[in-house]
Each structure stands twice: as C-alpha cells, then as structure tokens.
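Quick note on labels: first sequence line is chain A, next is B, and so on, each numbered from 1.
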Amino acid sequence: MPELPEVETIVRAARPRLLRRRIGAFHSRWVRQVSPGEREVRAAIVGATIADVRRRGKFIVIELERGSRSAGVLLIHLRMSGRFEWGRTDDRPDSEPRHVRATFDLSGGVRLYFCDARKFGRLRYVADLKTTPLAIGPEPLDRSFTPARLAGILRSRRKLLKPLLLDQAAIAGLGNIYTDESLFRAGLHPLRKSSSLTDPQIAALHQAIRRTLREGIRHSGTSLDWAYPEGKMQTRLLVYGRGDQPCRRCGDTIVVLRVGQRSTHVCPTCQPKARRRAAMTNPGT
DNA sequence: TTCAGTGTTTGCCA
DNA sequence: CTGGCAAACACTGA
Ligand SMILES: [Zn+2]
C-alpha cells in the first residue's frame, strides 16, 4: 500500500505522538515479521526513549536513546497493508483494532498498534544504522537528487524505465502509483530503456517525480481502500486506476499493461513508446 | 462459490 | 546484470 507520500503522512502524524515517550512494553506474536525476534526486540527497546521519528524511503525510522546515548533504531516497513492505530494502555482486548501484529505501550498511557492484514510488513531492531545501513537509493525529494543524479541512475543500468523506478536500491520511495503518475507526467513510456532517455526527457522525469510526490504529500497520500483511509490524492491521479477512461490531457483511452507483475497505466498518445516524428510539447505538468 | 487482483519485497531461475 | 515468475498473506468484488 503505502509509498513515499503515504509513509511521510503517517510519520508526520506519528512523530508528535511518539517523541520523547518511553517504551514501557512491547508485544508481538508476529514471528515471521519481527527481527531479530520478539524477546530480543523487547530487551532492546523497553525502557528506551523515542528520540526521533522520521522517514527514509518507505521505511519508518524510530531512533531510540537511553539517557542521552543512542539505544538503536526501530525500522518499520508497512509493505502492502501495514498501518498504525492509536489507543490507550488500558484498552480492553475486545476494543483493539483489527489485525494487530504488535503493540507498543508508551509513557503517558499511549499505545501504538501496528496492524497489518496481510502480514507482509516488517519490524526490525538494529543497534546502529551505520553498521547496518538501509540498502536503498537516494531520497527523490532531497536537494541532492538533481537531474544529473537521476541521469547517472538511469544510464548506469540497462533496465526498463518502470522496473528501475520501482527499484528501491536505485531511488527510494516510488511505488506503483507514483511511478505510473510520474511517467505519465513526464510523457515517457514505462517500457522505454532507462539508458535511452535524452537530457530533456531526464529533466522532465526529474521534475515529474518530484512534483508528483510533493502533490501526494500535500494531499496526504492516496486512499484506495481500508488499508490507508486518510488520503485525498486518489481524486487527482491522472492514469493510475483509470484504465479504459479518457486521458485527462488528450482524451485518448488509458490502457493497462503488465510490467514486472505490476499493473501499469499508460496513455498511448501522451506516452509514445517509439520516438514521435512530430515534436511533442512537453506534456509534463 | 470461486478466483483474479491488490498500494511491496525477496529469492530463484534462465 | 536483467527479466520473469512464485511466494509471503488476507481481503474484496465480479
Ligand atoms: Zn493522453
């Protein structure tokens, strides 16, 4: 479910509720998803204080400390259906939300529920991110993510455009929705070879990625169902989920392809696969 | 009732 | 290296 804008929205909401709170208890019967294991995680985090809550790619990063010394990091990945729910430490068991996979009891009587219907989510404790770095690419909204940086990424690999943009090791945070939306806004076909783009096309893609992600954040992400209810971006999507509907730019019919097992939404006119003879006026927003 | 499809990632194979 | 495919799992809608 959640991509960069949704995770960013979740982090912004969670941060003020978590910051400076002490972890009093941790429970999870979620064996496959908790690393290194419930007992180990509990021993590592109970008694620690939450010093920071931030996002890196699609990861939620919770920095812990004891006293003023770092006490490691909790990494949470929501995958397809993970979400946060909030309650109180005296909640009755029958009032808990559905699909609870882990609970954190915090000072002030606050309880954080990690819920995840499909159980793809991951919760990992690492003592030090420096020795256990996240193997993911640059943040697309960072200042350092320049068109030249994107050009380096696109040209250093020989992959199709969409699979490359989805590759978290190349760029962190794009998922199926925002990749399709970015490619449409850049006027680029998802099956183009990443190394075939011209400089102007790379510039258009760079701008499209950043504008699309920022727009997603501004509208609190995309909500398609119960898995992520708080977004408003779904009404502004130009191609994702709009198969057989008219393109909002040119009126042609949006088609749905299958690329790397993912549904892929394309306007055949705005995103020509082959180079067009007629010059296209930059279709980017 | 059955089954394809879902916003993610990893691992295996050719 | 690259792409394709299966799988991890629960739920929804046709
Ligand atoms: Zn179009």
Side-chain angles (χ1 to χ4, degrees), chain A residues 1-11 28-35 55-60 75-85 97-102 114-124 134-137 152-184 189-196 209 212-213 215-217 219-244 256-265:
Chain A
M1 164 199 87
E3 306 179 29
L4 187 152
E6 291 76 35
V7 178
E8 179 67 25
T9 302
I10 290 166
V11 163
S28 177
R29 298 186 51 192
W30 202 31
V31 180
R32 281 187 55 90
Q33 287 80 11
V34 174
S35 143
R55 179 191 60 75
R56 172 78 174 95
K58 298 176 190 172
F59 287 90
I60 298 166
L75 299 170
I76 299 177
H77 199 301
L78 304 172
R79 295 278 182 99
M80 288 293 268
S81 57
R83 59 197 169 88
F84 280 1
E85 294 284 343
R98 303 233 304 157
H99 310 302
V100 172
R101 309 300 179 199
F114 188 111
C115 304
D116 185 7
R118 296 179 68 180
K119 302 179 183 168
F120 291 167
R122 292 288 185 275
L123 191 160
R124 186 155 82 109
L134 295 171
I136 59 178
I153 292 166
L154 295 171
R155 288 169 177 160
S156 67
R157 318 182 196 211
R158 198 173 301 275
K159 288 181 86 167
L160 302 178
L161 207 38
K162 171 151 179 175
L164 177 56
L165 295 180
L166 286 174
D167 182 355
Q168 301 300 295
I171 301 172
L174 288 172
N176 209 33
I177 295 176
Y178 294 94
T179 295
D180 281 6
E181 292 294 314
S182 297
L183 287 171
F184 172 78
H189 196 283
L191 293 177
R192 290 269 309 259
K193 287 280 190 194
S194 67
S195 53
S196 76
I209 289 170
T212 305
L213 292 174
E215 185 180 3
I217 292 172
H219 297 282
S220 305
T222 303
S223 296
L224 301 177
D225 61 25
W226 45 269
Y228 180 83
E230 55 259 54
K232 296 177 176 53
M233 180 68 183
Q234 62 277 11
T235 64
R236 318 177 69 86
L237 300 178
L238 300 180
V239 286
Y240 186 88
R242 300 194 64 249
D244 295 332
V256 183
L257 318 172
R258 204 81 193 166
V259 180
Q261 292 185 279
R262 313 303 299 279
S263 66
T264 299
H265 308 74

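Looking at heavy-atom distances under 4.0 Å, A:Glu6 makes no contact with the nucleic acid at all. Using a 4.0 Å heavy-atom distance criterion, A:Asp116 is classed as making no nucleic acid contact. Across all strands, A:Ile177 comes closer than 4.0 Å only to sugar-phosphate atoms, never to a base (heavy-atom distances).
A donor-acceptor distance shorter than 3.5 angstrom exists from the side chain of A:Ser81 to the backbone of A:Arg118, with no hydrogens or angles considered. Checked by atom type and distance alone, the side chain of A:Ser194 pairs as donor or acceptor with a backbone atom of A:Arg157 at under 3.5 Å. A:Glu3 places a side-chain N or O within donor-acceptor distance of the main-chain N or O of A:Ile177, the cut-off being under 3.5 Å.
Residue A:Arg32 places its side chain closer to C:dC9 than to any other of B:dT9, C:dA10, C:dC9. Closest to the side chain of A:Ser263, out of B:dG7, B:dT9, C:dA10, is B:dG7.
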Check: Between A:Asp244 and A:Val256, is a side chain to side chain contact (heavy atoms under 4.5 Å, CB included) present by the stated rule, with each step listed?
Finding: CA-CA 8 Å; A:Asp244 295 332; A:Val256 183; over 6 Å; no

Margin query: Working note: A:Thr264 + A:Leu183, criterion side chain to side chain contact (heavy atoms under 4.5 Å, CB included); need CA distance, chi angles, decisive distance, verdict.
Written below: CA-CA 10 Å; A:Thr264 299; A:Leu183 287 171; over 6 Å; no

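Taking atom C1' on both B:dG7 and C:dG3, the two are 22 Å apart, rounded to the nearest angstrom. Going from the P atom of C:dC9 to that of B:dT1 covers 24 Å, rounded to whole Å.
Taking 4.5 Å as the limit, every side-chain heavy atom of A:Gln33 sits out of range of all side-chain heavy atoms of A:Leu123. Side-chain contact between A:Thr222 and A:Arg236: absent, with no pair of heavy atoms (C-beta onward) separated by less than 4.5 Å. Between A:Trp30 and A:Asp116, the closest side-chain pair of non-hydrogen atoms falls below 4.5 Å. With a 4.5 Å cut-off on side-chain heavy atoms, A:Glu181 and A:Leu238 count as touching.
Rounded to an integer number of Å, the gap from A:Gln33 CD to B:dT9 P is 15 Å. The CZ atom of A:Arg79 sits 11 Å away from the P atom of B:dT8 (whole-angstrom rounding). Atom CZ in A:Arg83 sits roughly 15 Å away from atom C1' in C:dC9 (whole-Å rounding). Between A:Asp225 atom CG and B:dG5 atom P there is a gap of 17 Å when expressed in whole angstrom units. Taking atom CG of residue A:Leu213 and atom C1' of nucleotide B:dG7, one finds them 14 Å apart after rounding to whole Å. A:Glu230 places its CD atom 18 Å from the P atom of B:dG7, with the value rounded to the nearest Å. One interatomic measurement links the two molecules: CG of A:Leu164 to C1' of B:dT9, which rounds to 16 Å at whole-angstrom precision. Between the CG atom of A:Asp180 and the P atom of B:dG7 there is a distance of 9 Å, rounded to whole Å.
Once the 5.5 Å centre distance and the 30° plane angle are applied, the aromatic ring of A:Phe120 is found stacked with the base of C:dA8.
Rounded to the nearest 0.5 angstrom, A:Phe114 CZ and A:Arg83 CZ are separated by 10.0 Å.
At B:dG7, none of the side-chain N or O atoms of A:Tyr178 fall inside 4.0 Å of OP1 or OP2 (strictly under the cut-off). The shortest distance between the side-chain N/O atoms of A:Lys58 and the OP1/OP2 oxygens of B:dG7 is not below 4.0 Å. Phosphate proximity of B:dT8 to A:Arg262: present, with a side-chain N or O under 4.0 Å from OP1 or OP2. Between A:Arg258 and the phosphate of B:dT6, there is a side-chain N or O to OP1/OP2 separation shorter than 4.0 Å.
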If you restrict it to nitrogen or oxygen atoms, what contacts under 3.5 Å exist between nucleotides 11-14 of chain C and the protein, and what is each distance?
from, atom 1, to, atom 2, distance (Å)
C:dC11, OP1, A:His99, NE2, 3.3

Polar atom pairs (N or O), protein with nucleotides 1-4 of chain C, under 3.5 Å:
from, atom 1, to, atom 2, distance (Å)
C:dT2, OP1, A:Arg158, N, 2.5
C:dT2, O3', A:Arg158, O, 3.3
C:dG3, OP1, A:Leu160, N, 2.9

Without placing hydrogens or testing angles, list every side-chain donor-acceptor pair under 3.5 Å for residues 165-176 of chain A, not counting sequence neighbours.
from, atom 1, to, atom 2, distance (Å)
A:Asp167, OD1, A:Ala169, N, 2.9
A:Gln168, OE1, A:Gly173, N, 2.9
A:Gln168, NE2, A:Leu166, O, 3.1
A:Gln168, NE2, A:Leu174, O, 2.9
A:Asn176, OD1, A:Lys162, NZ, 2.6
A:Asn176, ND2, A:Ser263, O, 3.0

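For residues 219-228 of chain A, no pair satisfies salt bridge (Lys or Arg N to Asp or Glu O under 4.0 Å), with sequence neighbours left out.
Looking at DNA chain B, the stems built from 3 or more consecutive Watson-Crick or G-U wobble pairs, each pair with its key distances under 3.5 Å, are B:2-6 with C:10-14, B:8-14 with C:2-8.
A:Phe59 meets the ring-ring contact (aromatic ring centres under 6.0 Å, His included) test with A:His77; sequence neighbours excluded.
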